[in-house]
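Here is the structure we will look at.
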Amino acid sequence: MKRKLTMIQAITEAMDQKLADDSRIMLLGEDIGVNGGVFRATEDLIHKYGPDRVVDTPLAEAGIIGSAIGLAMNGKIPVVEIQFLAFIYPGFEQIVSHAARMRYRTRGQYHVPMVIRTPYGAGIRGPELHSESVETFFAHVPGLKVVAPSTPYDAKGLLIAAMEDPDPIIFLEPTKLYRAFKQEVPEEMYRVPIGKAKVVQEGSDISIFAWGAMLRVAEDAAKQIERENGLSCEVIDLRTLYPLDRDTIIASVKKTGRAVVVHEAHKTAGLGAEIISIINDEALIYMKAPVKRITGFDVPVPQFSIEDDYLPTAERVKDGIMETATF
Amino acid sequence: MKRKLTMIQAITEAMDQKLADDSRIMLLGEDIGVNGGVFRATEDLIHKYGPDRVVDTPLAEAGIIGSAIGLAMNGKIPVVEIQFLAFIYPGFEQIVSHAARMRYRTRGQYHVPMVIRTPYGAGIRGPELHSESVETFFAHVPGLKVVAPSTPYDAKGLLIAAMEDPDPIIFLEPTKLYRAFKQEVPEEMYRVPIGKAKVVQEGSDISIFAWGAMLRVAEDAAKQIERENGLSCEVIDLRTLYPLDRDTIIASVKKTGRAVVVHEAHKTAGLGAEIISIINDEALIYMKAPVKRITGFDVPVPQFSIEDDYLPTAERVKDGIMETATF
Amino acid sequence: MIRFTLTKDTTVFFIEKERDVSMSSLYQVLSPAGELVGDLKGQLDEVTMIKMYENMVLVRQFDRKSINLQRQGRMGTYAPFEGQEASQVGSAMALTPGDWLFPTYRDHAAAIVHGQSMARVFLYWMGHMEGSISPKHLNIMPPCVPIATQMVHAVGTAWASKLQNEKHVSIAYFGDGASSEGDFHEALNFAGVFQTPTIFFCQNNGFAISIPFSQQSASKTIAQRSAAYDIPGVRIDGNDIFAVWLTMKEAMQRALDGKGPTLIEAVTFRYGAHTTADDPKKYRDQESLSEEWRKERDPLQRLRVFLENQGLWNETKEAELNARVNEQIDAALVDAESYPKSKPEDMFKHVYAEPSWMATEQESELVKPSKQEGIPA
Amino acid sequence: MIRFTLTKDTTVFFIEKERDVSMSSLYQVLSPAGELVGDLKGQLDEVTMIKMYENMVLVRQFDRKSINLQRQGRMGTYAPFEGQEASQVGSAMALTPGDWLFPTYRDHAAAIVHGQSMARVFLYWMGHMEGSISPKHLNIMPPCVPIATQMVHAVGTAWASKLQNEKHVSIAYFGDGASSEGDFHEALNFAGVFQTPTIFFCQNNGFAISIPFSQQSASKTIAQRSAAYDIPGVRIDGNDIFAVWLTMKEAMQRALDGKGPTLIEAVTFRYGAHTTADDPKKYRDQESLSEEWRKERDPLQRLRVFLENQGLWNETKEAELNARVNEQIDAALVDAESYPKSKPEDMFKHVYAEPSWMATEQESELVKPSKQEGIPA
Ligand SMILES: Cc1ncc(C[n+]2csc(CCOP(=O)(O)OP(=O)(O)O)c2C)c(N)n1
Ligand SMILES: Cc1ncc(C[n+]2csc(CCOP(=O)(O)OP(=O)(O)O)c2C)c(N)n1
Ligand SMILES: [Mg+2]
Ligand SMILES: [Mg+2]
């Protein structure tokens, strides 16, 4: 009998297993102890591992991330939970000016093995600033890695890999998918490699790149398009946003000659632009049409009554696919 | 007899004239008063306008930017100096979560007319974190505008326009150009429009996009290439980085069919990617070669003994031009 | 009592030896039993006292209604404030119309009392794009979501008032948890340096979501931090609306006299959940704690007893009041629910004074021209 | 003396009435005249005292040499510390090898005394990629440039030491200006909550670049802020190396006994410019201020007088010492200047444990294969 887990359960299990496996692992964050985290990602872990390893911190993100940097330099592997992505900003300086640079500045003498987990993205009727998707801020910072799973299986495997990675990782968890569906997840520890995209569905006519909650939107659109228009879509889950898996991107567009990128971040300077540029650099002559971006708009994420209109929909992705296919 | 000014003099003059012109203008920052700013941009202004209008603040960027937001909402036009771009991070949350969103959240009832000036970029043998070029962080934030002059003339005109703009503006001043050269600058107040790029040199074979200190590198490369290879380069100074002047970009590449973008920011998720994407969206069929990015590398800006190797050089730009031209 | 040892022979001098942080050390005017235990300073008249009570009843009903609406799916996640009425109502009633009010997500009682329409507050929690608009001629800022960030804004607006010779204060509401953020520190320090007429009004409700204040800081109180900036601070019974109001008046007077900011720590309690998405039973002995505060220190109860003893209140008035506020709340709800819904296009408005080409273009991407458009009518 | 009024009838209780912030209220053991005015607690022996003096002379010469090197164009912008030797040397000498030291850009005297090689410090200021490496078995962190950010790191490393049962403290150096940043507040609060063995060592040199402390805060001292976190704080004569050392030892003992952090405010002065790019005449009466401190409170001078009075020092020793330190400094400079220059490729190293494809590829973009490569040898 195969066991199925939601993404949040898979994430909890990854932390649970690594806490058991490696005494250096420590969790830190607001309300992650007795409360088990606002999304219950750390449910019960304080009871299992005690308050020295699952630490309820004061409400101060620079303090959390900054002290985690110190912990990491002195033998610990801190796994930080930031309650929502927008609340990482008070710790932005610590991430950009310190976590990402410690190895570099000390020529490898000190490094910062640390994972910063945070829910991100819109679609759960959250209040203001609970729906941001600003992965660009981190994908522009050499020294960081940025990961965003789209399934329970990948979430567990990527989080375990992240906790074993010697460098600081921003681990973006699509809030909308936390409990959206269950998937078979092996009980044992396993790793999904950081830096590798996944071809979710092979196809020959057009490549669709997405991550996080947008992956399902892309898959939906792809299915509908195949049914309605007979186009064969190759759907690729990038999974790691920095560094991007260029080889997989290029191999796909060389085959299809057409591509659509779907992300919920704002369009301008979103990662769609980087993916287009990688294609421009490496495969322009293979392209039969401009790469299409279907993204969040260049406006602040609106209040939740119209947030769904901000988000890319299967309908918009389909339009993008058709525009590209008929170029 | 025409009067020539350095960029820093032009910037001082812009502030001086607006202070005289509009009693709502207030300058705030660390060491901008008696000390006149670490680059002397505010030299003597405290003596002319007093400590209520030229304010030496405590050493706290969230405090500076956050209180400037309050000042702006209540009738003032704060012009903030951040000592170096990397020191803006403590105020990042204030910029992203408040300054950029106040108009939106209040449906236009309150807004934040504010200019944040800060030196940026490498090449002056500065210590660590004195050489960053992270304009991407701000060009991904709807609600902000981002400006970066490359000449004394534009610096004065853009800064005056920025101080008259009703929305928050990140005003990036290329440290390396502060005193690099002088240019004729009219004595009277004038505006250079925000949102408009400038064709610095017309040409027909290839478009080169740059801004800030990289403009001169681009111009250098263009001159050499014309001399050495007879290629006619169109050099465009983007000047406003958000929102980008798409029309000028597209008009140029439709004419030339080839383009190089030069910036000192890290390559991945740098604005070069957005420019490539705009070209992809609007002018792909006109392109005879992939757009080439000549940029800072995907590494932290190194210590100053090798910072010049981090920065794009005319040599590298020329290589990029030739690669594009011979594609 | 607060004492520091200061001797020449031991190097450590700023160690605190004892501090009375018991409830009984709080500044209090109206005791939980409804007795006057402090001086009214000739400032609080009967009309104001009755209005205080009416306001507290109004907002308590509003709060309960909101929780119900959330349960019925007519509103999004909601942050209730029951238990904190004296702090919010008392402080807001001390303000004058030109003052600047910076609420958090939990301070709609203060906003309503200062003049925000209840319909607007409903709209906010319904996720409406127009839920954060201030009534004209008032300066009620949008509820602040990122913790402590509004504190520096309230320095800025107050500073501008001072520079413009306007006799207005700015009040920043914030919680005990907020006192851990760097912005708390920067705000108090700036206000001290520029002597801005800012009132930092902390509702110490004992918890930041699940974290009790004892885990938030090694310090016993928040008020003591005022000493770090050499600004006045005060720790008061936040369930005593007289103490709140009088303290506010004093702080406002000082601010308007050019004597700068004040830090007020109003000790109170939220009876219910952090938000409707929260389950307080997970992290505290919800029933007994909540019951203790309700029974022993409720802000409405003590004022009612006092007013009754003064012959200013009775059962009939209570019944009338309840009917009246429920009517008002229902009317506000009708207004909110019949308010034109946010339209998708609204997101493209007010990003800038003049829309950028991106917004214009993307709006057309969103609002697709009808597929029929080519077909003549 | 520090007193707060606390009465039931005025609401405001945390207003400070008086605080003695004069020099004479500082904890002091060795007076400017070189007289012992405090208790050595049987802890400071003669060998240590002599070493203190030697170290201070060494770093002062190092500092002056560095300024000269910068003037000659052999180094980049440099941040001098002359005047602050007692604070840096005294605090660093109290440390043990396993402790974690977090310097700012001005604390290379502390770093050198703790074991950093002077050659390495030169390399740092020469903009060398390898200027921030710690000697093996010591934990000397890279000089911290973004103000106050290192303070939270020192909470983290100390916390780890505590959890790992290692008997080491972490010391964060910072300035008076740094005390305005939010990170200062978050660090002290965290350290208080988790009782980490962290020492927050503030050199209050009176200025943050051009801003005197009187404009940095309405508070008169930095030490008083410890009370905001209920942690011990102390304000000491930072030009008195005995006071610095004894205070450090006490703070370290407390930290290692599990009694948590200490905030130390060492009152001192920088004689010269903020950095070699700065002109202090623009913002202070540089000559008279500098002369006053030099003449009346110099840290080297008072220790020398004391040692001479004890018969532990004389002209001959002074001359020998000067010759010796100059030799050492010259040797370090030779080492630094003959150290292999940073190569452009170095920037691609140590971005990650394993280089990304971007770095690998971009490195080849930088290091162009020789144009000759197609031509057979
Ligand atoms: C910067 C930031 N971090 C985290 C959060 C998530 N969050 C929302 S409310 C809250 C607790 C706030 O506690 P307190 O300041 O005591 O106010 P209360 O909710 O008790 O009124 C937290 C952690 C946030 N909104 N902003
Ligand atoms: C976050 C940040 N803001 C601004 C600066 C620029 N800066 C460098 S040193 C300095 C003054 C620091 O003063 P203080 O903390 O007193 O230390 P001191 O230089 O006197 O040793 C400033 C403003 C910086 N390095 N980091
Ligand atoms: Mg609270
Ligand atoms: Mg200083």
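Throughout, a chain's letter reflects where its sequence line sits, starting with A, and its residues are numbered from 1.
Between chain A and the residues C:Ile147, C:Asp279, C:Val351, C:Ile211, the largest count of heavy-atom pairs under 4.5 Å involves C:Ile211. Listed options C:Met358, C:Lys282, C:Gln215 were ranked by heavy-atom pairs under 4.5 angstrom with chain A; first place goes to C:Lys282.
Within residues 26-39 of chain A, the residues that have a heavy atom under 4.5 Å from a heavy atom of chain C are A:Asp31, A:Val34, A:Asn35, A:Val38, listed by number. Residues of residues 262-269 of chain A having a heavy atom under 4.5 Å from any heavy atom of chain C, listed by number: A:Lys267, A:Thr268.
Only the side chain of A:Phe87 comes within contact range of chain C, with at least one heavy atom under 4.5 Å from a heavy atom of that chain. Of the atoms belonging to C:Thr275, not a single heavy atom falls under 4.5 Å from chain A. For A:Glu61, the parts sitting under 4.5 Å from any heavy atom of chain C are the backbone and the side chain alike.
Here the side chains of C:Met129 and A:Pro302 are in contact, with some heavy-atom distance below 4.5 Å. A:Asp298 places none of its side-chain heavy atoms less than 4.5 Å from the side chain of C:Ser356. Side chains of C:Thr77 and A:Arg125 form no contact here, defined as non-hydrogen atoms less than 4.5 Å apart.
C:Ser290 pairs by the side-chain contact (heavy atoms from CB on, under 4.5 Å) definition with C:Tyr271, C:Gln286, C:Arg294, not counting sequence neighbours.
Of the possible donor and acceptor atoms, none in the side chain of A:Gln303 sits under 3.5 Å from a partner among the backbone N and O of C:Tyr124.
For the atom pair CZ of A:Phe297 and CE of C:Met347, the computed distance is 6.0 Å after rounding to the nearest 0.5 Å.
The neighbour count for C:Arg71 CZ, taken as heavy atoms of other residues, nucleotides or ligands under 6.0 Å away, does not exceed 12. In the displayed structure, C:Glu337 atom CD is contacted under 6.0 Å by more than 12 heavy atoms of other residues, nucleotides or ligands.
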Report all side-chain donor-acceptor pairs from residues 88-95 of chain A shorter than 3.5 Å, counting only partners two or more places apart or in another chain.
{"from": "A:Gln94", "atom 1": "OE1", "to": "D:His153", "atom 2": "NE2", "distance (Å)": "2.7"}
{"from": "A:Gln94", "atom 1": "NE2", "to": "D:Thr149", "atom 2": "O", "distance (Å)": "3.1"}
{"from": "A:Gln94", "atom 1": "NE2", "to": "D:Asp183", "atom 2": "OD2", "distance (Å)": "3.2"}

